[in-house]
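Read through the structure below, which is laid out as structure tokens, and then see the notes.
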Amino acid sequence: MKPTFTEKLLEWNNAQNTRSMPWKGEKDPYKIWLSEIILQQTRVEQGLAYYEKFIAAFPTIQQLAKAPEKKVFKLWEGLGYYTRCRNLIATAQIVVKDHKGKFPRTYDQIKELKGIGPYTAAAIASFAFNEPRAVVDGNVQRVMARYFGISTPIDTTSGKKLYQELATALLDTEQPGIYNQAIMDFGAVICKPQNPLCSVCPQQADCEAFKHDLVKQLPVKEKSLKKKERWFYYFIIQYQSKFYIRERTDKDIWQSLHEFVLYETDTPVQSIFQDLPFLKTLFGKQSYSVSHISKVYHQQLTHQLIHGQFITVTTVKPVTALKDYVLIDKKQLKQYAFPRIINTFLEEKSSLAQLF
DNA sequence: AATCCGGGGAT
DNA sequence: ATCCCAGGATT
């Protein structure tokens with residue numbers, strides 16, 4: 001006999017949950033996996049278009065596994081957390097090579113794959129294979145913290161353990177997939193982060209947070225993130241009809257994306273014209289001409305604020321001092337994945353007028 | 001245990 | 001501005 005919470009949740013799911021998504025009820029583990037990776041820390045509304053694009057481009061895991069990496073990253077461009085994309089490719093290749101194209105069928109095997117943690121493994125195992133594993137995502141944590149009135153922070157080791165145990169106890173082991181889907185929908189539709197719909201909530205009578213007016217305070221998060229600022233000066237160096245770009249490979253933001261010639265500082269430079277020794281160092285005695293300096297663009301990341309400025313430079317000879325950078329014809333540029341701050345610049349009409 | 005990894009939407 | 005999103009990997 002399951003707790004009343006589970007009964008009421010499933011009742012709500014049957015009678016009132018109208019939330020519809022393309023992967024709901026899906027049984028193909030490939031499609032479930034793809035949707036779950038895309039949706040990690042990503043809103044359904046934001047991930048939806050990417051899911052459709054990926055399914056259209058790669059209907060099977062075999063096709064994804066053999067696709068050129070560049071093409072996959074171009075599809076992922078703009079979605080963020082690019083390690084997910086790298087792991088997506090690696091996992092597709094592992095499943096095809098080591099598992100003969102058949103997606104692993106148990107939670108433990110699934111969790112071994114790259115980019116798959118406790119949440120995603122539980123989601124795939126329950127949705128595709130009916131294994132009784134409880135998902136714990138942001139929705140589930142919030143619902144349980146409020147329903148039970150728990151003030152243990154969700155972003156601690158003990159908190160994660162506690163919420164996983166609670167979720168497991170509440171799970172309907174007869175229909176784990178339906179239950180997991182239901183509690184996440186419930187968190188997204190009723191027990192929302194802001195302005196939850198307590199007035200129409202079927203759990204209201206037993207909700208500890210509602211009883212004690214703690215709905216707004218729960219769940220508790222312990223850590224606050226520290227941010228740092230970085231200044232990126234991008235030199236768009238044109239030689240004939242080509243530009244220098246490189247792939248970002250350091251352990252840093254935007255790994256596997258591309259960029260123009262970068263000069264980075266941790267404080268803004270006083271004047272692009274006077275105080276930037278970078279260009280002179282780069283060109284030495286070679287001549288160059290600066291044709292345009294853009295406004296300052298900004299991009300807010302989780303832990304960083306990026307200030308970006310774009311300096312368009314033309315030269316009549318190749319720049320030999322540029323290591324790692326390669327010359328790409330301007331017509332080929334759109335094949336490469338760039339960070340949003342660069343695409344924002346490229347998409348502005350004034351920028352295009354300078355470059356093309 | 002702490003930190004990092006994006007981009008977008010709501011408030 | 002701040003929070004949060006169908007989290008996971010690294011140190």
Side-chain angles (χ1 to χ4, degrees), chain A residues 19 21-24 26 32-51 73 76-88 90-91 110-127 133-143 153-161 163-164 167 177 179-189 191-196 216-217 219-228 230 248 250-257 298-306 337-344:
Chain A
R19 203 178 188 213
M21 292 169 290
W23 49 82
K24 216 164 161 177
E26 179 62 57
I32 295 170
W33 164 65
L34 177 62
S35 72
E36 293 299 341
I37 301 299
I38 287 175
L39 266 46
Q40 285 169 0
Q41 289 292 286
T42 304
R43 290 165 194 267
V44 169
E45 311 85 73
Q46 188 188 356
L48 188 55
Y50 285 85
Y51 174 77
F73 268 95
W76 195 274
E77 181 184 44
L79 194 54
Y81 284 159
Y82 296 92
T83 297
R84 291 186 293 172
C85 186
R86 230 173 2 266
N87 287 335
L88 187 82
T91 290
I110 294 168
K111 197 165 128 22
E112 291 301 305
L113 298 169
K114 290 183 179 179
I116 297 182
Y119 164 78
T120 305
I124 299 172
S126 65
F127 294 155
R133 296 280 182 169
V135 296
V136 179
D137 71 337
N139 291 305
V140 176
Q141 290 171 332
R142 182 173 60 254
V143 169
I154 59 175
D155 56 346
T156 58
T157 304
S158 60
K160 284 171 186 149
K161 185 165 178 283
Y163 290 104
Q164 183 68 61
Y179 171 88
N180 280 335
Q181 184 68 56
I183 192 170
M184 290 193 285
D185 287 346
F186 180 79
V189 173
C191 202
K192 301 184 294 178
Q194 291 107 9
N195 306 320
K216 281 185 80 174
Q217 342 286 336
V220 172
K221 209 172 200 174
E222 185 174 82
K223 304 173 178 65
S224 63
L225 41 82
K226 345 173 180 172
K227 292 188 175 171
K228 74 169 178 178
R230 302 165 75 176
R248 289 179 64 90
D250 293 349
K251 301 182 62 145
D252 192 3
I253 58 172
W254 302 329
Q255 194 180 8
S256 301
L257 299 193
H298 294 97
Q299 183 169 359
Q300 182 74 67
L301 281 60
T302 304
H303 290 78
Q304 305 180 19
L305 173 58
I306 309 298
F338 292 96
R340 192 179 67 78
I341 194 169
I342 291 181
N343 277 328
T344 301

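So that the names make sense, note that chain A is the first sequence line, chain B the second, and so on, each numbered from 1.
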Using only modelled atom types and a 3.5 angstrom limit, is any donor from either the side chain of A:Tyr119 or the base of C:dG7 paired with an acceptor on the other? no
Touch class at under 4.0 angstrom, heavy-atom based, for A:Asp252 against every strand present: sugar-phosphate
Proximity to the side chain of A:Asp137 - top-ranked nucleotide from B:dA2, C:dG7, B:dG6: C:dG7
What is the nucleic acid contact for A:Leu79, judged by heavy atoms within less than 4.0 Å: base, sugar-phosphate only, or nothing? base
Could you check whether the side chain of A:Thr120 and the base of C:dG7 have a donor-acceptor pair of N or O atoms closer than 3.5 Å, going by distance alone? no
Which nucleotide in the list C:dG8, B:dG6, C:dA6 gets nearest to the side chain of A:Ile253? B:dG6
Tabulate protein N/O versus nucleotide N/O from nucleotides 1-4 of chain C, keeping only pairs under 3.5 Å, one per line.
| unit_1 | atom_1 | unit_2 | atom_2 | d |
| --- | --- | --- | --- | --- |
| C:dC4 | O2 | A:Arg43 | NH2 | 2.6 |

With rounding to whole Å, what would you report as the distance between B:dG6 and C:dC3 at their C1' atoms? 15 Å
Phosphate OP1/OP2 of B:dC5: any A:Gln304 side-chain N/O under 4.0 Å: yes
Quote, to the nearest angstrom, the P distance that separates C:dA6 from B:dC4. 24 Å
Ignoring the backbone of A:Lys223, work out which of C:dG8, B:dG6, B:dT3 is nearest its side chain. B:dT3
Check every atom of B:dG6, B:dA2, C:dA6 against the side chain of A:Glu222 and return the nucleotide holding the closest atom. B:dA2
Across the strands shown, which category fits A:Trp23 at heavy-atom distances under 4.0 angstrom: base, sugar-phosphate, nothing? base
Against the side chain of A:Asn87, the closest entry in C:dA9, C:dA6, B:dG8 is C:dA9
Please state whether the phosphate of C:dG7, meaning OP1 or OP2, lies under 4.0 angstrom from any side-chain nitrogen or oxygen of A:Gln41. yes
Contact under 4.0 Å: A:Thr42 side-chain N or O vs B:dG8 OP1/OP2: no
